[in-house]
Amino acid sequence: MSGSFLFQAVIYLTAAIICVPIAKRLGMGSVLGYLLAGILIGPYLLGFIGEEGEDILHFAEFGVVMMLFLIGLELEPSKFLKMWKVIVGMGGMQVGVTAVLVFGGCMFLGLAWQAALAIGLSLALSSTAIVLQTLKEKNLMGTAAGQGSFSVLLFQDIAVIPILAILPLLAIQGAEAGGDDHGSHTFIENFPAWVQTFAVLAAVALIIVAGRYIIVPLLRLVAKTRLRELFSGSALLIVFAIAYLMEMVGLSPALGTFLGGVVLANSEFRHELESDLEPFKGLLLGLFFIAVGASINFQLIGEQPGTMMAIVGSIVIVKGLVLFLVGRIFKLRIDQNLIFALGLAQVGEFAFVLFSFIGQLGILEAEMIDLFMGVTAISMVVTPLIMLANEKIFLPRIGTKEAEEKPMDTMEEDNAVILVGFGHFGSTIGRFLRANGIEATILDNDSDRVDLLRKMGFEVYYGDATRPDLLESAGADKAKIMVTAIDSPETNMRVVETVQKHFPHLELFVRARSRFDAYELLDEGIEDIYRESLDTSVKMGVDILKRLGHRHYSAFRAAQNFIKYDEASMRKLAADRHDRKQYISRVREEIQIQESQLKVDMRRRNQSGDTDHAWDSEQMREATKNGQPVR
């Protein structure tokens, strides 16, 4: 019974539901939560998962496969050409220097040069899954560290192609190592090494050609059926077919699907493919992290803990130093460079594929393969902990100091408003307040943005607004209003919790990305909530009404009433959002009520002649068109 599929599904999902929310609550991120869940239910702790955990790991690798396909869809070739200097410069330097250093270390320890080179190339790669997931959760993708990490990871993903092409050539002289068959058989494994290399390159070329001349026409035929489920099936077929082709030639399935995504990035089906595959990717990626945690061989660690920890520590230190050097060369500030270097210091999930292939080719012995598989898994597990320590310990002390251009006492101004987050949303608020004679104390946690804004004439301070001591130095004990305009809902919520605990007198005005983020804020007792797309969407509707002949004043009044009714509806619906069936029913009911109210308002205006024709004057139309104030 314990080996049944349903039992395993219950165990995996239960572990995830318990561990991930706890990890998120502690600020560790979902990735570490999944990894800890896998360790907990693995064969060396609770033992709910035995040898079948390795099979589940292979299945869950499709999460990584889909993630790379979606990354490829987002990377249009034109954008790649614009970024190629950074991608090749940062990524090439990191992979090349790391591989050379590891190669030299292995040669010093007495390994054959073929084995040393294979190990160096494998350990030079980092985890795309962990790094990108963590950066997205912490809302760091738009920072200098996020862009640098993406460039290096993209280069690494592409570099897997020549690495897998080189490995069969190393096996010509490395076969005497006598490794057991550690991986699955491929279609071309019995052919000469040069044939295997040619087959790998031919498979890559086939994906590029098929993406343009076969897949896109196929999707057009499927789209004509207007069946959503058939299009979803076609999206899965594309991913699975490319992955199967890559496995046949011994190439990484994730790399193949990444190339397929790049080929399809300019097609008209890009967004449909993204929306159809996103749910599968999220579920399988979580399963992949759980399986990685469950696959850690604690017995091997127990037998030689010193060796294992020494290798993991050496790899993390070497890769971290190389990455930090690369960041310095590309002029990353020290806080961004720490995020960049420590975030990419682990060994990536492609190492599982590469070491499996290395074992299959006989370049390394089976015991060495097991050792490096364990090193890879442990390095992935400790990465979220390293990034958490960097965020909580190192950055506040080593990164850009708060108000480094002024003495600390200048932050203790009697400004009535503290504005947290000065991106596109927050800067608009700040400029509007300043234009109307209201000075605000502005905080932001992106040091590069802080420096740029200071050069532009804004008094902006670098710092983490979830820290009570920073808020106190910014004058939170004297201010009247706190505006949180941060893009990340999770960070906004942490700021809200900090303010409510330490500065309860402050009135909170909070940005919400969506209606569901607003629901969470309502639960915290926040009344002044501003959904970032509501006013812009309604303004577009007003402009459409005016273009269709509606009077300006009528359209403006309709917009104000719509916002009023929608805000009231949001507060009513908040209590039912956890009951999906009840929520859907209430939403339909509220939509009908709202539309009915708006129609009644419109009828009343038409009957009473409640319109201001001055709004329809030529001067008024020009003023509203140019965004000038209405007097």
Rounded to the nearest 0.5 angstrom, the CG-CD1 distance for Leu117 and Ile166 is 7.0 Å

Value for CG (Leu332) from CG (Leu338), rounded to nearest 0.5 Å, stands at 10.5 Å

So CG of Leu364 and CD1 of Ile369: to nearest 0.5 Å the spacing works out to 4.5 Å

Contact check, side chains of Leu121 and Phe103, non-hydrogen atoms, under 4.5 Å: no

Hits for side chain to side chain contact (heavy atoms under 4.5 Å, CB included) against Pro468, two or more places apart or cross-chain, chain-then-number order -> Thr498, His502

Nearest heavy-atom contact between Thr466 and Thr491 is CG2-O, 4.5 Å

Sorted by chain and residue number, the side chain to side chain contact (heavy atoms under 4.5 Å, CB included) partners of Ile311 (sequence neighbours excluded) come out as Thr307, Ile315, Leu371, Phe372, Val375

The side chain to side chain contact (heavy atoms under 4.5 Å, CB included) partners of Phe330 (sequence neighbours excluded) come to Met90, Met93, Val326

Contacts of Thr383 meeting side chain to side chain contact (heavy atoms under 4.5 Å, CB included) (sequence neighbours excluded), chain-then-number -> Ile130, Gln346, Met387

Shortest non-hydrogen pair, Val86 vs Ser151, comes out as CG1-OG, 3.6 Å

Note: Ala351 and Thr376 closest approach over all heavy atoms is CB-OG1, 3.7 Å

Here the side chain to side chain donor-acceptor pair (under 3.5 Å) pairs for residues 87-97, sequence neighbours left out, are Gln94-Thr98, Gln94-Gln156

CE of Met368 to CD of Glu365, rounded to nearest 0.5 Å, is 8.0 Å

The reported gap from CD1 in Ile11 to CG in Leu40 (rounded to nearest 0.5 angstrom) is 10.0 Å

Residue pairs passing the side chain to side chain donor-acceptor pair (under 3.5 Å) test with at least one member in residues 310-322, sequence neighbours excluded, are Ser126-Lys319

Minimal heavy-atom distance between Asn337 and Gly327, with the atoms involved, is OD1-CA, 3.3 Å

dist Ile358:CD1 -> Ile363:CD1 (nearest 0.5 Å) comes out at 5.5 Å

Smallest heavy-atom separation, Phe355 atom then Ser122 atom, equals CZ-CB, 3.7 Å

Closest heavy-atom pair, Met380 versus Ser127, reported as atoms and distance to 0.1 Å, is CE-OG, 3.9 Å

Are Val347 and Leu125 side-chain neighbours, meaning at least one heavy-atom pair lies under 4.5 Å? no

